[in-house]
Amino acid sequence: MRAGFVIIFFFICILTNAQRNCLFAPNNFGHLSSLTTKPSALHAKNAVPPRDTFPGEIITIPVVVHILFSNQQYNISDEQVLSQLAVLNEDFRKMNADAVNVPEVFKSRAADAKIMFCLAQVDPNGRPRKGIVRKQTSIESFLGDDAMKFSAAGGDDAWDTKKYLNIWVCNLFGRSLGYATMPGSEPDKDGVVINYDVFGTIGNIRAPFNKGRTATHEIAHWLGLKHIWGDANCGSDEVDDTPQQKSYNFNCPTFPHISTCSPDNNGDMFMNFMDLVDDGCMSMFTYGQKKRMRSLFALNGIRNEMLNSYACDSSLATGAPLPDTIAVFQTQPAVSIFPNPVQNVVNLKPENGFILDGSICILYSSTGMQLKKQTAYGENASINMAGFAAGMYYLEIRKAKSKLILKLLKL
């Protein structure tokens, strides 16, 4: 594995024709020169002195799951959350039953990363929690712009990202599956976002993404792994034991699947968790990927402070537990749209004290493409959609720190 130059990316997974398609773009957070940070910074922030990992140590990561819901469909059960934790602990420990499906030529490269996950039992203030935070929100669906990570935008603020892996589960815009931040991103945005119906293996889930592998894939990004094809034509994922491949794979290929830059007749390692195949066809990490992920927890590593997090130990909690659900009442400022479905012009009417004048209105396609942007003037506003094709659209309305996302149908 090269320690080399690492660019911070957001990885956004969207579902198109039952395919997992991860798009990425350079993040505004800038660049990392390595997966380490300066020792002085770690010493300054830690009351407990930093330490290195022990040989063979099983690293346990405390997880907090923020469930954001505007209706009960998105308010997934504790059992669904626990089913996802079980998948993560199997996949990162090479205890997944489908590991037997790894082709014989790749079996010697399949690795137990010795990383596990627990629901945090203690919150950042020392109070007992079960690692699941439920928050009712007026936001019907979230874009991939991190609004779900901030209470002021209808989401929920992150717990200390030096000590917890934050996972936001919500209804994502259009057909999104989820996305992750790479190591070194802004602390208040650091974590993973997963759509509510691809999280876990039971409950409200959809095939072929019903085996919890979206979270496995995205958390591996959070742990520093790139896509296996290096996000470039015959690119490099900076891991030595993953064979070079031309690009991503969809659905469930037949082994061997040989691309133009495959190094030998074994072809692509499409069953790797960092390709884009269906959940049922993902089954392995390699030793090189294991080394890269675990390097984050080594002395001076970006995620080293998690080694001193004891949030999985409920005996260390103090005080009374907080309620699971924080309700946001529907009397919040809002905007209604009519007619919906719309043929030509959709009208906007503010409600509950919302001031529409000066708001920015942005129209998106069902796949997240920005189609139109205009400023609303006056008490009411309208948007001409006569030239757009029939289908589902999303309208985002921004005003100061407020943001609304509305769904509308064009006839």
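The structure presented is a predicted model; accordingly, all values stated were derived computationally and were not measured.
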(message) Looking at Q84 and G212, would you say the former's side chain and the latter's main chain have a donor-acceptor pair under 3.5 Å?
(response) yes
(request) May I ask you to check whether over 12 heavy atoms, not counting those of K372, lie within 6.0 Å of atom NZ? (result) yes
(message) Below 30° counts as parallel, above 60° as perpendicular, anything between as tilted: where do the rings of F92 and F117 land?
(response) perpendicular
(request) Scan side-chain atoms only and decide if E218 and Y179 contain a donor-acceptor pair under the 3.5 Å cut-off. (result) no
(message) Looking only at side-chain N and O atoms, does S259 offer a donor or acceptor that is under 3.5 Å from a partner on D268?
(response) yes
(message) Once rounded to the nearest 0.5 Å, what's the spacing between atom NZ of K211 and atom CG of N96?
(response) 11.0 Å
(request) Using distance alone, with no hydrogens and no angle criterion, decide if Q245 and D275 have a side-chain donor and acceptor under 3.5 Å apart. (result) yes
(message) Tell me every residue that passes side chain to side chain donor-acceptor pair (under 3.5 Å) with T242, counting only those two or more places apart in sequence or in another chain.
(response) D237
(request) Among W168, F199, F150, find the residue that satisfies the ring-ring contact (aromatic ring centres under 6.0 Å, His included) test when tested with H66. (result) W168
(request) Could you walk me through whether K226 and E238 pass salt bridge (Lys or Arg N to Asp or Glu O under 4.0 Å), step by step? (result) CA-CA 8 Å; K226 291 184 176 183; E238 301 185 17; 2.9 Å; yes
(message) Looking at R134 and D78, is there a salt bridge between them, counting it only when a charged N and a carboxylate O are closer than 4.0 Å?
(response) yes
(request) Heavy atoms only: give me the nearest F142-A153 pair and the separation to one decimal. (result) CE2-O, 4.2 Å
(message) Quick check with a 6.0 Å cut-off and a 45 degree axis cone: is R129 positioned over the face of W159's six-membered ring?
(response) no
(request) Might you point out which heavy atoms bring F354 and P350 nearest each other, and give the distance in Å? (result) O-CB, 3.1 Å
(request) Take V81 and I67, measure what side chain to side chain contact (heavy atoms under 4.5 Å, CB included) needs, and give me the verdict at the end. (result) CA-CA 10 Å; V81 173; I67 300 173; 3.9 Å; yes
(message) Between Q374 and I383, is there a side-chain heavy-atom distance shorter than 4.5 Å?
(response) yes
(request) Please work out whether the ring planes of F270 and F255 are parallel, tilted or perpendicular, with thresholds of 30° and 60°. (result) tilted
(request) Would you check if there is a donor-acceptor pair between the side chains of N166 and D190 at a distance under 3.5 Å? (result) no
(request) Find out whether E57 and L307 are in side-chain contact, i.e. whether some heavy atom of one side chain is under 4.5 Å from a heavy atom of the other. (result) yes
(request) Give the minimum heavy-atom separation between C234 and T260, together with the two atoms involved. (result) SG-OG1, 4.5 Å
(request) May I ask you to test the I360-I397 pair for a side-chain heavy-atom distance under 4.5 Å? (result) no
(message) Between N75 and Q72, do the side chains contain a donor N or O and an acceptor N or O under 3.5 Å apart?
(response) yes
(message) I'd like to know whether CG of N265 has more than 12 heavy-atom contacts from other residues, nucleotides or ligands below 6.0 angstrom.
(response) no
(request) Any chance you could lay out the side chain to side chain contact (heavy atoms under 4.5 Å, CB included) test for S141 and Y394, step after step, and finish with the verdict? (result) CA-CA 9 Å; S141 58; Y394 290 85; 3.4 Å; yes
(message) Between R109 and D241, is the salt bridge (Lys or Arg N to Asp or Glu O under 4.0 Å) condition met? List the steps.
(response) CA-CA 7 Å; R109 305 188 205 181; D241 59 357; over 6 Å; no
(request) Quick one: pull up NZ in K373 and SG in C361 and give me the separation to the nearest 0.5 Å. (result) 11.0 Å
(message) Less than 4.5 Å apart, side chain to side chain, heavy atoms only: is that true for Y310 and K163?
(response) no
(message) I need the L88 CG to R93 CZ distance, nearest 0.5 Å.
(response) 13.5 Å
(request) Decide if atom CD of Q343 counts as having more than 12 heavy atoms of other residues, nucleotides or ligands within a radius under 6.0 Å. (result) no
(message) Does the plane of the ring in W229 sit parallel, tilted or perpendicular to the ring in H227? Use 30° and 60° as the thresholds.
(response) parallel
(request) List the steps, then state whether salt bridge (Lys or Arg N to Asp or Glu O under 4.0 Å) holds for E396 with R398. (result) CA-CA 6 Å; E396 178 182 351; R398 298 179 183 175; 2.5 Å; yes
(message) Between N347 and S382, do the side chains contain a donor N or O and an acceptor N or O under 3.5 Å apart?
(response) no
(request) Tell me, with the steps shown, if R213 and D91 meet salt bridge (Lys or Arg N to Asp or Glu O under 4.0 Å). (result) CA-CA 9 Å; R213 264 53 193 274; D91 288 350; 2.8 Å; yes
(request) Ignoring hydrogens and angles, state whether a donor on the side chain of N125 or D123 is under 3.5 Å from an acceptor on the partner side chain. (result) no
(request) Check the pair M116 / I61 against side chain to side chain contact (heavy atoms under 4.5 Å, CB included), numbers first and verdict last. (result) CA-CA 6 Å; M116 295 192 71; I61 300 174; over 6 Å; no
(message) Please determine whether side chain to side chain contact (heavy atoms under 4.5 Å, CB included) holds for the pair Q370 and L363, giving the CA-CA distance in whole Å, both sets of side-chain angles, and the decisive distance to 0.1 Å.
(response) CA-CA 6 Å; Q370 181 176 317; L363 185 69; over 6 Å; no
(request) To the nearest 0.5 angstrom, please state how far the CD atom of E104 sits from the CG atom of N266. (result) 11.0 Å
(request) Establish, from distance only, whether the side-chain atoms of Y74 and E140 form a donor-acceptor pair under 3.5 Å. (result) yes
(request) Taking the side chain as every heavy atom from C-beta outward, state whether V169 and L68 have any atom pair closer than 4.5 Å. (result) no
(request) List in chain and number order the residues that pass salt bridge (charged side-chain N to carboxylate O under 4.0 Å, His left out) with D160, two or more places apart in sequence or in another chain; answer none if no residue qualifies. (result) none
(message) I'd like to know if the side chain of T181 reaches the main chain of S185, judged simply by a donor and an acceptor atom lying under 3.5 Å from each other, with no hydrogens or angles considered.
(response) no
(request) Could you tell me whether I355 atom CD1 has more than 12 heavy atoms of other residues or ligands within 6.0 Å of it? (result) no
(message) With a 6.0 Å cut-off (strictly less than), is the heavy-atom count around NZ of K246, excluding the residue itself, greater than 12?
(response) no
(message) As an exercise, state the distance from OG1 of T60 to CG of D313, rounded to the nearest 0.5 Å.
(response) 11.5 Å
(message) On a heavy-atom basis, which atom in N384 and which in A386 lie closest, and how many Å separate them?
(response) OD1-N, 2.9 Å
(message) Rounded at 0.5 Å granularity, tell me how far CD1 in I205 sits from OG in S83.
(response) 7.0 Å
(request) Answer with yes or no whether the side chains of Y196 and Q73 bring together a donor and an acceptor at under 3.5 Å. (result) yes
(request) Evaluate the side-chain proximity of L223 to I115: yes if any heavy-atom separation is below 4.5 Å, no if none is. (result) yes
(request) Search all heavy atoms of P50 against all heavy atoms of N308 and return the closest pair with its distance. (result) CA-ND2, 4.0 Å
(message) Any heavy-atom pair between the side chains of M274 and H217 that's under 4.5 Å?
(response) yes
